Protein chains: 2
Amino acid sequence: MPSVAIDPLNKMKGVTMSFPRNGEIYGEDEPAEYLYKIVSGAVRTYKIYGDGRRQIGAFYLSGDMFGLEMGEAHAFSAEAVTRTKVMFFKRSAVMVLAAQENDVAGRLWALTARELFRVQEHTLLLVQTAQERVVSFLLEMLARTPASNAVDLAMSRRDIADYLGLTVETVSRTLTQLVNSAAIALPSARRIVLRNRTALRQLNS
Amino acid sequence: MPSVAIDPLNKMKGVTMSFPRNGEIYGEDEPAEYLYKIVSGAVRTYKIYGDGRRQIGAFYLSGDMFGLEMGEAHAFSAEAVTRTKVMFFKRSAVMVLAAQENDVAGRLWALTARELFRVQEHTLLLVQTAQERVVSFLLEMLARTPASNAVDLAMSRRDIADYLGLTVETVSRTLTQLVNSAAIALPSARRIVLRNRTALRQLNS
DNA sequence: CGTTAGTTTGAATGGCTTCAATCCATGTGG
DNA sequence: CCACATGGATTGAAGCCATTCAAACTAACG
């Protein structure tokens, strides 16, 4: 899943807005008035259950678009993981443009299809073992970081846990296992250094 | 998730083909030449892992369209759950039509978006408890059965288990729990009768 | 410093899986 | 029509992986 920034809206001007760490961008069930594109920073989308559990649907990084659900209302809430700059596009204007320009419509469709693919991958993650989930997450994040063997994670252990359907403790324990098996190094809690990609890959069957 | 049959292709003729129980419709990684619509019967899409585990991505029933992944190749395999009639639409022809007729393109987009929504719901299922998963599955199947308090499931316990990320045994045990709590009745293994919808709903927090 | 949020580690519990056996329905051949 | 084989479903008992509860440790920031 390459996170190439397909931007069907380069013909449109958008308004940029800044959000602090944990700032709410939109809430679940709010009317979906805009499409969003991350200029810098990171965003998480999530749902809260009745019993307080939180499930994170996706992490979006610099260049990614999000909020393209087709319903009237947002299916998830969206928050800034860190200080984040987001560009807003009015949905109604996007639709008008899509109706006029055929390739814009096509690229929006492609964007939805890419999102579909991403969610499918996420679904497949959630039936794996804890180790497989964490490894897949790390490989995904490494893949989304341009040409590097290290990542500075924007998100906390809790965020990772809620994305993978695990607990913080399990994520933490799994990471130390990976350190002990020399697959990765953890110079600091948020910094992941890849030591042995092959070993890491093999933990994903 | 209403399974209303949005059919953007009513302007196209398709070829109908019959498949026996467990008949393969297409395989993972095969080139995606067609779009499919179920005339009668049921289809499952799935992936097989290296260690033999199988994850079912979706069940499609009469009237549903499937196989609309945007990549060159299918991301999942597809099999008939029971004897099934499927209508084939050539993807290239569909694309030509979409390029010409704006509303066709829009409806294909909407179809992709609906699929995205469905997969998101499925994702949320997989982080719940066994009971919640089974209950959600039953409610989903009941919802997709037009106006009735009973369903004749097309799929086996194994299919259900592989859809919910559980084992057959756990699915079976959970169903008997639901029978014992008078939420449902099981006149036969494949027939589910709803006895207490409220009780069932409450098991989904 | 002192406080707080985040991370790691430990010990015990529990829910689902695993392994195994039994039950049930269907179909086939004698 | 019964005997038997077969695939699917259910039930039981033991084991294990992730969770839960709890505490210690670390880093950032006033």
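Keep in mind that this is a model prediction, so the values were computed, not measured.
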Among residues at least two apart in sequence or on other chains, which ones pass salt bridge (Lys or Arg N to Asp or Glu O under 4.0 Å) with [X]?
X        : answer
A:Asp29  : none
A:Lys85  : none
A:Lys13  : none
A:Arg133 : none

Whole angstroms only, please: what is the [atom1]-[atom2] distance between [X] and [N]?
X        : N      : atom1 : atom2 : answer
A:Leu175 : C:dT7  : CG    : P     : 10 Å
B:Leu186 : D:dG8  : CG    : C1'   : 14 Å
A:Gln177 : C:dT8  : CD    : C1'   : 13 Å
A:Arg157 : D:dA18 : CZ    : P     : 17 Å
B:Asp162 : D:dA9  : CG    : P     : 12 Å
A:Leu125 : D:dA18 : CG    : P     : 14 Å

- Distance under 6.0 Å and angle within 45° of the ring axis: does A:Arg114 meet both against A:Phe117?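 So A:Arg114 doesn't make the cation-pi contact.
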- Task: May I ask you to say what A:Ser172 touches in the nucleic acid, namely base, sugar-phosphate or nothing, with a heavy-atom cut-off under 4.0 Å?
- Result: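 Touches a base.
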- Message: Looking at B:Arg118 and B:Glu121, is there a salt bridge between them, counting it only when a charged N and a carboxylate O are closer than 4.0 Å?
- Response: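 Answer for the salt bridge query: no.
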- Message: I'd like to know if B:Asp64 and B:Arg144 make a salt bridge, using a cut-off of under 4.0 Å between side-chain N and carboxylate O.
- Response: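 The answer is yes: the pair qualifies as a salt bridge.
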- Nucleic acid contacts of residues 188-195 of chain A, taken as heavy-atom distances under 4.0 Å to DNA chain D: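 Going residue by residue through residues 188-195 of chain A, none turns out to have a heavy atom under 4.0 Å of DNA chain D.
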Check nucleotides 16-21 of chain C for protein N or O atoms closer than 3.5 Å to its own N or O atoms and list the pairs.
{"from": "C:dC16", "atom 1": "OP1", "to": "B:Ala130", "atom 2": "N", "distance (Å)": "2.9"}
{"from": "C:dT17", "atom 1": "OP2", "to": "B:Thr167", "atom 2": "N", "distance (Å)": "3.3"}
{"from": "C:dT17", "atom 1": "OP2", "to": "B:Thr167", "atom 2": "OG1", "distance (Å)": "3.1"}
{"from": "C:dT17", "atom 1": "OP2", "to": "B:Thr170", "atom 2": "OG1", "distance (Å)": "2.4"}
{"from": "C:dT18", "atom 1": "O4", "to": "B:Arg173", "atom 2": "NH2", "distance (Å)": "2.9"}
{"from": "C:dC19", "atom 1": "N4", "to": "B:Glu169", "atom 2": "OE2", "distance (Å)": "3.0"}

- Specify the residue among B:Arg21 and B:Thr176 whose closest nucleotide of DNA chain D lies further upstream toward the 5′ end. B:Arg21
- Message: Tell me if a side-chain donor or acceptor on A:Ser77 pairs with a main-chain N or O of A:Glu28 at a distance below 3.5 Å.
- Response: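 Judged by distance alone, yes, a pair lies under 3.5 Å.
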- Parallel, tilted or perpendicular: which describes the rings of B:Phe59 and B:Tyr163, with under 30° parallel and over 60° perpendicular? tilted
